[in-house]
Amino acid sequence: MADPPPSPSPQAPSPAHPSADKPTPIQPLDVFQPETVDSLVAGFLAVLEPEMLRVQQSLQELTTNQEEMLQSIHDKRSQLEDTAKTSEIQATLQKVPVYRHKVVTVTRHIQNLGRRVKRLQQRSNKLKELRVTKDVQRRREFEKKMEQERLLEARPSK
């Protein structure tokens with residue numbers, strides 16, 4: 001705001017203006033005339049336009065910063081979700097040795113059972129062979145006895 005021009009002092013009248021003793025009355029401003037409105041608008045804009053441009057630029061910077069911040073928050077959230085998934089994977093990977101041990105144990109048991117079954121089958125086969133052999137031997141002995149009895153019956157008594 002501009003300071004008003006200094007008023008002439010009453011002790012020293014100005015030699016150029018004989019009416020300097022008398023203050024000039026201020027003309028009232030008619031604000032409803034188009035020239036006055038245009039003049040006021042132009043003055044208002046001249047005073048406020050640089051500030052408005054600065055505010056608009058600041059607002060644009062804030063909007064850009066806000067968008068960057070939102071993107072950063074989204075990225076961090078994605079990283080946290082990935083970290084949660086990574087921790088789930090880590091937990092699963094930590095279980096791998098336990099499950100591997102279980103698989104090895106079950107495999108050993110299955111192999112042990114396979115060996116036992118094989119031994120039992122061999123034993124069963126040997127017992128079958130022995131039984132068949134004994135059956136054949138008994139049948140031969142039976143047939144021998146029968147042959148001897150037949151021979152004894154076939155001889156006439158003396």
Side-chain angles (χ1 to χ4, degrees), residues 1-7 26-158:
M1 311 278 176
D3 291 335
S7 62
I26 298 177
Q27 295 290 326
L29 203 60
D30 186 11
V31 290
F32 296 110
Q33 289 182 2
E35 299 87 30
T36 306
V37 170
D38 289 343
S39 168
L40 287 173
V41 167
F44 183 73
L45 284 177
V47 170
L48 293 180
E49 188 174 21
E51 184 66 22
M52 288 176 56
L53 290 174
R54 190 185 64 73
V55 167
Q56 185 179 12
Q57 184 181 5
S58 295
L59 182 61
Q60 181 64 35
E61 288 176 14
L62 285 173
T63 304
T64 303
N65 289 342
Q66 183 181 20
E67 289 172 359
E68 289 173 1
M69 183 67 78
L70 286 173
Q71 183 62 39
S72 174
I73 289 171
H74 176 71
D75 292 345
K76 292 294 181 182
R77 183 174 184 202
S78 296
Q79 286 177 351
L80 285 174
E81 289 174 357
D82 290 345
T83 302
K85 291 177 184 175
T86 302
S87 64
E88 290 175 11
I89 292 171
Q90 285 289 342
T92 304
L93 288 177
Q94 288 177 352
K95 293 178 184 178
V96 167
V98 173
Y99 290 125
R100 184 182 177 286
H101 178 69
K102 287 181 180 182
V103 167
V104 168
T105 304
V106 168
T107 304
R108 285 182 188 158
H109 286 301
I110 289 172
Q111 289 172 348
N112 189 19
L113 288 173
R115 284 191 298 269
R116 289 173 65 187
V117 164
K118 188 175 180 179
R119 276 189 255 137
L120 288 173
Q121 285 176 341
Q122 289 173 350
R123 183 175 175 199
S124 171
N125 288 339
K126 285 181 183 179
L127 289 173
K128 281 181 186 177
E129 287 175 15
L130 185 60
R131 187 182 67 202
V132 168
T133 307
K134 285 185 178 183
D135 285 347
V136 168
Q137 191 179 15
R138 282 187 203 139
R139 193 173 313 134
R140 284 184 186 160
E141 287 178 13
F142 179 74
E143 286 176 2
K144 245 187 194 181
K145 281 185 184 181
M146 293 300 275
E147 185 65 29
Q148 285 176 356
E149 284 181 19
R150 194 174 53 91
L151 285 176
L152 286 175
E153 289 178 7
R155 276 194 219 168
S157 35
K158 295 186 190 182

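Excluded from the calculations below are hydrogen atoms, water molecules and symmetry mates; all remaining heavy atoms, backbone and side chain alike, are included. Just so we're clear, the structure is a prediction, and the values are computed from it rather than from any experiment.
- For the atom pair OG (S78) and CD1 (I73), the distance works out to 12.0 Å, reported to the nearest 0.5 Å.
- To the nearest 0.5 Å, atom CG of residue L40 and atom CD of residue Q33 are 11.0 Å apart.
- Although no hydrogens or angles enter the test, the distance criterion places a donor-acceptor pair under 3.5 Å between the side chain of T105 and the main chain of H101.
- Side-chain N or O atoms of T64 include one that pairs as donor or acceptor with a backbone N or O of Q60 at under 3.5 Å.
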(request) May I have the step-by-step check of side chain to side chain contact (heavy atoms under 4.5 Å, CB included) for L127 and R131, ending in yes or no? (result) CA-CA 6 Å; L127 289 173; R131 187 182 67 202; over 6 Å; no
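- For K85 and E88, the salt-bridge test fails: no basic side-chain N is under 4.0 Å from an acidic carboxylate O.
- Rounding to the nearest 0.5 Å gives a distance of 10.5 Å between CD of Q56 and OG1 of T63.
- Residues K102 and V98 are in side-chain contact: their nearest non-hydrogen atoms beyond the backbone lie under 4.5 Å apart.
- Using a 4.5 Å heavy-atom threshold, the side chains of M146 and R150 count as separate.
- Taking CG of L62 as the reference point, atom CE of M69 lies at 11.0 Å (rounded to 0.5 Å).
- The line from CG of L113 to NE2 of H109 is 8.5 Å long, rounded to the nearest 0.5 Å.
- With sequence neighbours excluded, the residues satisfying salt bridge (charged side-chain N to carboxylate O under 4.0 Å, His left out) with R77 are E81.
- In this structure, OG on S72 lies 11.0 Å from NE2 on H74, to the nearest 0.5 angstrom.
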(message) Please determine whether side-chain hydrogen bond (donor to acceptor under 3.5 Å, both in side chains) holds for the pair Q71 and D75, giving the CA-CA distance in whole Å, both sets of side-chain angles, and the decisive distance to 0.1 Å.
(response) CA-CA 6 Å; Q71 183 62 39; D75 292 345; 3.0 Å; yes
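- E141 and K144 are not joined by a salt bridge, as no carboxylate oxygen comes within less than 4.0 angstrom of a charged side-chain nitrogen.
- D135 is listed as a side-chain neighbour of R138, based on a closest heavy-atom distance under 4.5 Å.
- Not counting sequence neighbours, the partners of N112 by the side-chain contact (heavy atoms from CB on, under 4.5 Å) test are R115, R116.
- Scanning for salt bridge (charged side-chain N to carboxylate O under 4.0 Å, His left out) contacts around E68 gives an empty result, with sequence neighbours left out.
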